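Just so you know, these numbers come straight off a predicted model, no measurement behind them.
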Amino acid sequence: MPSIVTLLPFIVLIGAMFLMTRSAKKKQQQAADMRNQMQPGSGVRTIGGMYATVKEVSDDTVLLDAGPGVELLFAKNAIGAVLSDDEYNRIVHGVEHDLKSDVVPDDASSLTETDEPAAAADSDEKSVDLGKKDEDKAEESADAVSAEAKTDDEPKKTDGDSDAK
């Protein structure tokens with residue numbers, strides 16, 4: 001009678017195979033549900049990357065409207081994603097929905113009650129340059145060149161192989 005220690009690897013292998021097939025079946029079921037939700041007028045993306053609008057849906061095929069006068073018949077399995085109306089319009093037509101109500105200003109100027117912009121109020125003060133000077137850049141480039149020269153002079157380490165005989 002085989003001991004439990006010899007059977008353990010087989011049990012673990014069978015368990016792993018069960019979990020992998022279960023997750024694959026879940027993904028297939030989700031894709032099938034997504035394809036069954038297609039209705040005429042829905043925007044879709046095919047697995048080849050083509051965007052179109054669903055015109056008719058049958059059991060195994062989908063008739064897509066890819067443009068004026070262009071109707072294509074695809075297998076349902078060739079539909080990669082059913083898109084929302086906003087997403088389809090954004091991708092195909094370049095139409096963004098109105099985000100102006102969602103925009104938050106970058107500064108606090110909208111919170112002040114004055115009509116004068118904040119930049120005009122600070123224009124009397126002298127601006128301060130916080131950037132590096134050109135001479136600092138020259139010193140940095142000289143340091144980088146000398147560091148490269150040092151690394152070239154050092155012998156390179158090898159894994160024991162030698163060209164000398």
Would a hydrophobic clustering, with Ile, Leu, Val, Met, Phe, Trp and Tyr connected at side-chain separations under 4.5 Å, put V44 with Y88? no
Looking only at non-hydrogen atoms, find the nearest pair between A66 and A52 and report the distance. CA-CB, 4.0 Å
When rounded to the nearest 0.5 angstrom, what distance separates CD in E56 from CG in D65? 11.0 Å
Passes side chain to side chain contact (heavy atoms under 4.5 Å, CB included), L83 versus Y51? Steps please. CA-CA 9 Å; L83 307 172; Y51 293 91; 3.6 Å; yes
Pairwise side-chain contact, V54 with L64, heavy-atom cut-off 4.5 Å (strictly under): yes
Can you measure from NZ (K76) to CG (D59) and round to the nearest 0.5 angstrom? 6.5 Å
If we ignore hydrogens and angles and just use 3.5 Å, is the side chain of S42 paired with the main-chain N or O of Q39 as donor and acceptor? yes
For I47, the rest of its hydrophobic cluster, which grows through side-chain links under 4.5 angstrom: none
Same apolar cluster (I L V M F W Y, side chains within < 4.5 Å links), M20/F10: no
Rounded to the nearest 0.5 Å, how far does NZ of K55 lie from CG of L73? 12.0 Å
Using only heavy-atom distances, determine whether the side chains of Q29 and D33 contain a donor-acceptor pair under 3.5 Å. yes
So if you build clusters from Ile, Leu, Val, Met, Phe, Trp, Tyr with side-chain heavy-atom gaps below 4.5 Å, do M38 and L72 land together? yes
Any chance you could pull the hydrophobic cluster mates of F18, using side-chain heavy atoms under 4.5 angstrom and chaining through other members? L19
Can you tell me how far the CZ atom of R45 sits from the CD1 atom of I91, to the nearest 0.5 Å? 7.0 Å
Heavy-atom nearest pair, G80 first then M34, reads O-CE, 3.6 Å
Are M50 and V70 connected, step by step, through hydrophobic side chains (Ile, Leu, Val, Met, Phe, Trp, Tyr) whose heavy atoms are closer than 4.5 Å? yes
